[in-house]
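Beneath this line is the structure, given in structure tokens, with notes to follow.
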Amino acid sequence: MGNNKDKTKLSPWWKGFLTSILGTTISIALTFGTTAIVNSRKAEDARRLTAMMIIQDIDNSIETLRNIMDHEEKCYNATQYAINHIDSITALPDDTLNLLLQYIMPGMWMSTDMEFDDSKERIFHSSQDSWSNLNDIAFVNNVESFYKSRHVLQRLLKTGDDMYYWIKPISKEEAIHDIQSGILTNKDKFISYWERRLKEPRVQEYIVNYFERIKLYQDVIESWSGLNEENKFLMNITKEDLNEFKESTIKKNRAAKEKDIIGVWIDSVIVDHQQEYEYRKDHTFTVRAIHHVPQPIYSGKIVLTASLEGIWTIEGDSIIVIFDPSTCKLSADDSGIYYPKEMRDSVKRYIDLWLVGAKQLDHFKQSITEQGIRQSRATNIDLTGNRLELTDSERKTTHYKRKITN
């Protein structure tokens with residue numbers, strides 16, 4: 001026998017078989033490995049989408065609570081003004097008088113801007129996948145804590161619950177009786193009614209407790225804001241991620257066409273004055289800012305209107321407007337104010353000098369020129385054609401609603 005050991009030689013058939021087995025094994029490994037990666041990515045995408053949906057829901061709830069707090073402040077300020085001018089309460093404009101009723105009576109005000117939307121919460125709780133794929137206990141605990149606190153707040157706002165600060169001083173039954181007595185159809189009746197109610201301790205106490213209610217609103221907003229900032233950190237969600245998510249949720253909206261723009265549009269957000277754009281078929285437009293101006297020297301408010309004209313066109317997805325500063329106008333309507341005869345000259349001097357005088361008009365024209373007479377904003381209109389979003393070059397958005405005329 002020689003020193004060399006015999007070497008086992010594989011037949012060509014065995015070589016092919018082993019090569020086939022090896023190839024199949026590698027193929028299976030690659031298939032399962034790729035599937036695992038794809039599934040992992042899908043799970044991560046679902047996790048982030050769920051997280052962003054909830055984070056946006058909390059941000060929207062914070063905005064709703066701010067609206068509630070702002071309305072409370074408007075009602076309180078109107079009430080304080082009425083108290084301080086009780087001798088001339090008959091001169092108060094109707095919108096101020098309506099705020100007084102909204103403040104002390106239940107059922108006198110309804111606005112979708114002050115209603116919490118619980119659709120995202122229902123989605124979150126209706127499907128186990130919605131929360132199980134989040135894979136972060138701290139985040140889930142934060143979400144549950146938020147929804148629980150929102151429920152408590154909703155009960156508080158609707159019924160007063162166990163915190164008497166929120167219970168309206170006039171009961172629902174009293175409110176129905178008082179309304180049916182005709183206080184809304186006769187101003188003298190309303191004034192008499194308000195003066196009588198204002199002397200009642202329960203009404204005075206409710207007004208004083210304004211500060212307790214505002215403090216709770218502020219505390220809740222601060223708590224929800226801090227909780228949501230932690231959520232964004234836990235889930236590694238950036239502001240850019242949320243903006244992209246928001247854009248994807250409004251994808252059914254579209255850029256506006258020329259025929260969509262024609263009409264009158266009112267700014268949806270401004271509360272201290274009214275601003276509207278009137279776009280006409282001939283591509284001219286007028287913008288009006290309408291302010292209601294109070295002053296100690298008279299009762300009621302002067303209606304100050306600042307108007308400006310220009311031309312508009314649609315280019316791509318954007319609306320281009322070019323202002324004409326020479327068309328700037330200021331006008332004042334003092335038909336809704338009251339003052340003693342001896343104050344007539346003072347009131348006229350105030351209007352001529354501080355509201356519609358040459359100096360104010362020049363300042364108006366200068367401000368338009370400084371801001372730029374040409375503006376371009378991207379358009380986004382909803383499916384109804386009655387809500388319009390405009391976005392400037394700095395991504396600041398303004399929302400308008402179509403003014404419906406009879």
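What's counted below: heavy atoms across the whole structure, side chains too, no hydrogens, waters or symmetry copies.
- Contact of the Met53 side chain with the Asp57 side chain is not registered, since no non-hydrogen atoms from C-beta on lie closer than 4.5 Å.
- For the pair Val264 and Arg402, the minimum side-chain heavy-atom distance is 4.5 Å or more.
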side-chain hydrogen bond (donor to acceptor under 3.5 Å, both in side chains) between His71 and Gln102, intermediate numbers included: CA-CA 10 Å; His71 183 68; Gln102 291 171 25; 3.1 Å; yes
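- Using modelled atom types and a 3.5 Å distance limit, the side chains of Ser318 and Arg377 yield no donor-acceptor pair.
- In this structure, the side chains of Lys74 and Asp70 stay at 4.5 Å or more apart for every pair of heavy atoms.
- Between Leu153 atom CG and Tyr217 atom OH the span is 7.5 Å, to the nearest 0.5 Å.
- Of all heavy-atom pairs spanning Phe116 and Ser61, the tightest one is CE2-O, 3.4 Å.
- A pairwise comparison of heavy atoms in Trp194 and Ala82 identifies NE1-CB, 4.0 Å as the closest pair.
- For the pair Lys232 and Asp59, the salt-bridge criterion is met [side-chain N within less than 4.0 Å of a carboxylate O].
- Arg288 pairs by the salt bridge (Lys or Arg N to Asp or Glu O under 4.0 Å) definition with Glu276, Glu278, not counting sequence neighbours.
- The closest side-chain donor-acceptor pair between Glu222 and Gln218, if any, does not fall under 3.5 angstrom.
- When all heavy atoms of Ile351 and Ala332 are compared, the pair lying nearest together is CG2-CB, 3.9 Å.
- With Asn228 contributing its side chain and Asn231 its backbone, the two residues share no donor-acceptor pair below 3.5 Å.
- A heavy-atom distance below 4.5 Å is found between the side chains of Glu121 and Asp118.
- Considering CD1 of Ile207 and CG of Leu198, their distance stands at 5.5 Å, rounded to 0.5 Å.
- Annotation: Phe233 is not in aromatic contact with Phe139 [ring centroid separation under 6.0 Å not met].
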Test salt bridge (charged side-chain N to carboxylate O under 4.0 Å, His left out) applied to Asp260 and Arg254, step by step: CA-CA 11 Å; Asp260 298 319; Arg254 59 176 175 80; 2.8 Å; yes
Criterion side chain to side chain contact (heavy atoms under 4.5 Å, CB included) on Leu99 and Thr79, from CA distance to verdict: CA-CA 8 Å; Leu99 288 175; Thr79 304; over 6 Å; no
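- Looking only at side-chain heavy atoms (C-beta outward), Ile368 and Leu308 come within less than 4.5 Å of each other.
- The CG atom of Leu330 lies 10.0 Å from the CG atom of Asp362; values are rounded to the nearest 0.5 Å.
- Among residues two or more places apart in sequence or in another chain, the ring-ring contact (aromatic ring centres under 6.0 Å, His included) test is passed with Tyr339 by none.
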Side chain to side chain contact (heavy atoms under 4.5 Å, CB included) assessment of Leu304 paired with Ser331: CA-CA 6 Å; Leu304 172 66; Ser331 63; over 6 Å; no
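- Under a 4.0 Å N-O distance rule, the pair Lys215/Asp219 qualifies as a salt bridge.
- Surrounding CZ of Arg344 are at most 12 heavy atoms belonging to other residues, nucleotides or ligands under 6.0 Å away.
- Of the inter-residue distances, the one linking Ile55 atom CD1 with Met235 atom CE reads 7.0 Å to the nearest 0.5 angstrom.
- Note that the CD atom of Glu205 and the OH atom of Tyr165 stand 8.5 Å from one another [nearest 0.5 Å].
- Centroid-to-centroid, the aromatic rings of Phe285 and Phe323 come within less than 6.0 Å.
- Ser145 places no side-chain N or O within 3.5 Å of a backbone atom of Asn141 that could act as its donor or acceptor partner.
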Derivation of the side chain to side chain contact (heavy atoms under 4.5 Å, CB included) call for Tyr147 and Ile54: CA-CA 10 Å; Tyr147 284 134; Ile54 296 169; 4.2 Å; yes
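- Of all the heavy atoms in Asp317 and Ala255, the pair that sits closest is CB-CB, 3.6 Å.
- Look at Lys348 and Asp334 and you find no salt bridge, because none of the NZ, NE, NH1 or NH2 atoms lies under 4.0 Å from a carboxylate O.
- Of the possible polar contacts, none joining the Ser192 side chain to the Lys189 backbone as a donor-acceptor pair under 3.5 Å is found.
- By the 30° and 60° cut-offs, the orientation of the rings of His283 relative to Trp312 is tilted.
- For Lys257, the salt bridge (Lys or Arg N to Asp or Glu O under 4.0 Å) test picks out no residue, with sequence neighbours left out.
- Using cut-offs of 30° and 60° for the angle between ring planes, the Phe190 and Tyr193 rings count as tilted.
- Counting heavy atoms from C-beta on, the side chains of Ile337 and Ser299 never come closer than 4.5 Å.
- Arg197 has a carboxylate O that lies under 4.0 Å from a charged side-chain N of Glu200, or vice versa, which qualifies the two as a salt bridge.
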Side chain to side chain contact (heavy atoms under 4.5 Å, CB included) assessment of Val293 paired with Lys301: CA-CA 5 Å; Val293 185; Lys301 294 181 180 180; 5.7 Å; no
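- In plain terms, the two heavy atoms of His292 and Val303 that are nearest each other are CD2-CG2, 3.8 Å.
- Between the side chains of Ser171 and Glu174, at least one donor N or O sits under 3.5 Å from an acceptor N or O.
- Put simply, the side chain of Arg202 gets close to the backbone of Pro169: a donor and an acceptor are under 3.5 Å apart.
- Between the side chain of Asn77 and the main chain of Glu73, a donor-acceptor pair closer than 3.5 Å is present.
- The two residues Pro325 and Lys365 come nearest to each other via the heavy atoms O-CG, 3.5 Å.
- In this structure, CD1 on Ile373 lies 7.0 Å from CD1 on Ile322, to the nearest 0.5 angstrom.
- You'll find the side chain of Gln366 reaches within 4.5 Å of the side chain of Glu370, heavy atoms only.
- Between Tyr206 and Tyr103, the gap from one ring centroid to the other is short of 6.0 Å.
- For the pair Thr398 and Trp265, the minimum side-chain heavy-atom distance is 4.5 Å or more.
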